[in-house]
Structures are given as structure tokens and as C-alpha cells.
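Presented below is the structure to which this report refers.
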Amino acid sequence: MKKIFLSAAAMCAMLVAVAQTTAVKDSSFKSRKLKLDEISLVSSYYRQNGDHASVTGGIGSEKLSDIANVIDISFIRHDNKGRKNTLAAEFGIDHYTSASSDQIDLKANTSASHADTRIYPSANWTVEDENKGRTYGVGVSVSSEYDYLSLGANVSFAQKTNNKNGEFSAKFQAFLDQVTLITPVELRPGYNNSGKDNRNSGTAARNTFDLSLSYSQIINQRLQVLLSGDAVQQNGYLSLPFHRVYFKDNSVHQEKVPDSRTKIPVGIRANYFAGDKFIFKTYYRFYKDNFGIQSNTGSLEMPVKINPFLSISPFYRYYEQTASKYFAPYATHTAADEYYTSNYDFSKFASNFFGIGFRSAPPKGVFGNRHLKSAEMRYGHYSKNVQLNSDIISLNLNFK
Amino acid sequence: MRKNIFRSLLFSVISLLALSSCSTVKAYQKNRLNDAEMVLGNRKIEKTENSFQTYREGSSGANSGKTGGGCGCN
């Protein structure tokens, strides 16, 4: 916990230093030079514990902690046609420790995979023609960790309706990933039970293509809604090589799921401003895929404005899913099964997530610092009815 | 699967038809809609929450978040 505050404090100090060198901008002036628009920092600490680790075949500790820091910097300029160009660069770094990853080698107390760091930079460029209500965008992303590399790219388009009360948007994303084939040690060729680590390897491809469509509409001065849907296609190696599956006869195998997965989620959001102090934010999502998982997600968040610049937001989210047809608990699968996993993220379960957020955005800046435009903190507790509990605390600071 | 997709599409079409009867709200009438808390989508602070939920649950998408790229292996 101390680490997250120390890292957040260090990044804040750096950001304040950067922000103080930036001249105050006049929002009515449309600069043709690239100007720093906003710097955003998100830091979070996540911890979980459970009893169904996939690495050990659906039994064993799922204890895990993760510290994440993401810095987002956006620049804007107006081109000679008056269009607003926005360049947003993001850099994220996570450091996590995982008890179950330590069990790739069952005899190890702490193997190399006990802790890992993930870095994920990305850049997005959008061009917005405010007169036509049209926006185009392109972006690229990278995510790299010890056993996984993901390269992503996206294109997007958005068009407002003539009265600017509705907007249609479309985004196509592709992720070309490489999974390093780290096998449980006892399943590696040449393993002689002496604990010798014959690190087999190689990589396998996993590709994800996602088309997202959405339509938002202002209903009246207090209510707006958003309809959204995705069509996601994944191909390639979709199992995880170090997930064990124990069969009924006690033999051990690597997880095996099909090499193609289609996901269809559709969702609706509605936000309503009641009176001057209360906002109701609702969300519902229906999801189905060809692994046999069907889920429903519903959430309600209710920001209460203590004053125009300070709000408190309690929130609650409920989620339920059916089990994948390829899932079975520890020592249940048989040799007759073509595909098998004991990953409890694919099991039937329901989860509850609740918590509270605080947001402050005073006109003279948070703590009187005119560059620190807003500060937000959020805590949530998550529990699954399959013996998994977690907590997350996040902090977001926005500098202008 | 097809039945559910059909139901979802039907739901979307009916919703869109209902929305077409909306009144036009002028820019100067949007002070409540422009409030930072009224954003239709996830705010930046929810980024890491979405990540862990994507990793810990079998489903993802339709929430302005990413739908791939990243392991979530543990």
C-alpha cells in the first residue's frame, strides 16, 4: 500500500513541475501549434485472494496483488481547416505478485514468475471537424510482459446528428498477440523428477479482432442514453500453457480450449440528472459467446453533489454468468473430453462489486493548485460466490 | 445464440425508434448533460477496475473498454 502512495506522490511531483511550466491557455483561441492540453495520472492498488488457482488445476491459492500506474498526456492543435487534432499518448506500468504463478514449478518456493512487470504504451490521434460533427481516429498500442506480447492497432469514426444531440461511432481494433509457451515443469520433455528446469518455449499466436458500434442520444436536458455492441473474433492459441487440468484418473494435462472464439456483448447506458444534486448512472450488458458463456451485468452509480465542485459516488455492480461448456472442477474431466479447463473464470458464478468514489474539481484548482484541475479517489470491494474476494483503490489526478 | 442476437438487435431497434422522438436540446441547455459525472462511458479512474473484471470474468466488451491485448494470466 505504501508503494502505491510513494509512486503516486513521485509522479504527482513530476507532473506538477511539468504543469507549472505550461502557460495558461485561453480556451477561445484556436492554436495551430501543438499544445499540451491535459495530463492525467491513474494509480491503483489491487489485491485478491481465492481458492481456485488455474495453475494448480482449480485448487490452491489465488493470492495476487497488483500496483498500476498509468500516465496519459494529450496535445491539441487546430489545422488550417479549423479541425481539432488531438494526440493522446499513454504509458502504463503494472507490477504484480502472484502466488499461483509460483506453482508452475510445484517444488519451487519462488520461481521467476512469482512477480512480473507489464508495460503498455499506446498512442491515439483523432481529427475532429466540429462544423461537420465528424471525428476520425487511428491508434496503436503495445503490451509486454514476461510471457505475453500484444501489438494493437485501431481505426475509429464518429458522426454527430445534424442537431448535435446524437452521435454514431464505430471502432475497429486488432490485437496480434504472442503467448510464450511456458509449460508446467512436470509436463516438459525430458523432465526427470529431479526438479531440473528444462525451460521449453516457443510462442504461439493469438489474434483478436473487434468491431465496436455505438449510438448515443440526448433525450432531454437531464437524460442521455448510449447503446453499444461489439462483435469480437479471437483465433489462435486461446488456452494458457501453464494452466493444469487434473483428470478423474489423477493424470495432469495442459488446459485445452478451441482455437476460435466469437463474443457478442450488447449494452445500454442511461444517465439521469435529478434535481440539482443527484445523478443516476445505470448500465446493463448482455453477453454470449460460443464457449457457452452467457452473462448479465447491471450497475448503478449515484453521484451526489455536495456542492458544484465536490461529489460522492456510491456504486454497485452485479454480474452473473453461466459456465463454459469446457469447464469442469478439479479431477472431473476425463480422457473422453476433447477440450478441458479448470479455470474458475469460466465457471458458473455471480459476483458483487460495490464501493464509493470522491471527486473534487474546484475552479481554482485542487488544494489551491490551479494546474491540478481535478482529483478523484475510488474504492471497491469485489466478491465472487466461488470463493474469490478482492479490493481495489484508485486515484486519478488531472492537470491542465 | 441466433435467438439472443435477434432479441438484442430487436431491443436496439425499438430503443432507437423510441429515441427518435426526442426533443432537440440546444448547446446552452446542456449544462447538466455536460457535467463531468454525466459522461456516457467509463471514466479514466475506472480503467484498472475494468481490467481486473475482464480478467476475472468470462465476458468482456460493450463498455468502452478494450476487448483484447494483455494476458491476465494469473
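Reminder, nothing fancy here: chain letters follow the sequence lines and each chain counts from 1.
Heavy-atom pairs under 4.5 Å with chain B were tallied for Y46(A), Y319(A), F346(A); the largest tally goes to Y319(A).
Closest heavy-atom contact between N271(A) and M38(B): ND2-O, 3.0 Å. Across every non-hydrogen atom of G275(A) and R32(B), the tightest pair is O-NE, 3.4 Å. Taking every heavy atom of both residues into account, E37(B) and S311(A) meet most closely at OE2-OG, 2.5 Å. For the residue pair S394(A) and T48(B), the shortest heavy atom distance occurs at OG-OG1, 3.6 Å.
Within the 4.5 angstrom heavy-atom criterion, only side-chain atoms of S390(A), from C-beta onward, approach chain B. Neither the backbone nor the side chain of T297(A) comes within less than 4.5 Å of any heavy atom in chain B. Residue contact with chain B, scored on non-hydrogen atoms closer than 4.5 Å, involves the side chain of Q321(A) exclusively. Residue D94(A): no heavy atom, backbone or side chain, is found under 4.5 Å from chain B. Only the side chain of F349(A) comes within contact range of chain B, with heavy atoms under 4.5 Å apart. Residue K384(A) touches chain B through its side chain alone, counting heavy-atom pairs closer than 4.5 Å.
Atom OG of S351(A) sits about 7.5 Å away from atom CD of Q53(B), to the nearest 0.5 Å. Atom CD1 of I392(A) sits about 10.5 Å away from atom CD of E46(B), to the nearest 0.5 Å. Rounded to the nearest 0.5 angstrom, L33(B) CG and L223(A) CG are separated by 8.5 Å. The distance from the CG atom of L41(A) to the CD1 atom of I45(B) is 10.0 Å, given to the nearest 0.5 Å. For the atom pair S51(B) OG and D66(A) CG, the distance stands at 9.0 Å (nearest 0.5 Å). Here the straight-line distance linking atom CG of L64(A) with atom CZ of F52(B) works out to 11.5 Å at 0.5 Å rounding.
In this structure the side chain of K305(A) reaches within 4.5 angstrom of the side chain of D35(B), judged on heavy atoms. Looking at heavy atoms from C-beta onward, F353(A) lies in side-chain contact with E49(B) at the 4.5 angstrom threshold. At least one side-chain heavy atom of K30(B) sits under 4.5 Å from a side-chain heavy atom of N165(A). In this structure, N42(B) and R269(A) have side chains that are in contact, with non-hydrogen atoms separated by less than 4.5 Å. Counting heavy atoms from C-beta on, the side chains of K164(A) and V25(B) never come closer than 4.5 Å. Here the side chains of K44(B) and E376(A) are not in contact, with every heavy-atom distance at 4.5 Å or above. A heavy-atom distance below 4.5 Å is found between the side chains of R285(A) and S59(B).
Other residues, nucleotides and ligands contribute more than 12 heavy atoms inside 6.0 Å of the CG atom of N34(B). Counted within 6.0 Å of CZ on R47(A), heavy atoms from surrounding residues, nucleotides or ligands total 12 or fewer; the atom is thus considered open.
Salt-bridge formation is detected for the pair E90(A)/K47(B): a Lys NZ or Arg NE/NH1/NH2 atom is positioned less than 4.0 Å from an Asp or Glu carboxylate oxygen. Salt bridge E57(B)/R317(A): present, at least one basic N to carboxylate O contact under 4.0 Å.
A search for side-chain hydrogen bond (donor to acceptor under 3.5 Å, both in side chains) contacts involving Q224(A) returns nothing, not counting sequence neighbours.
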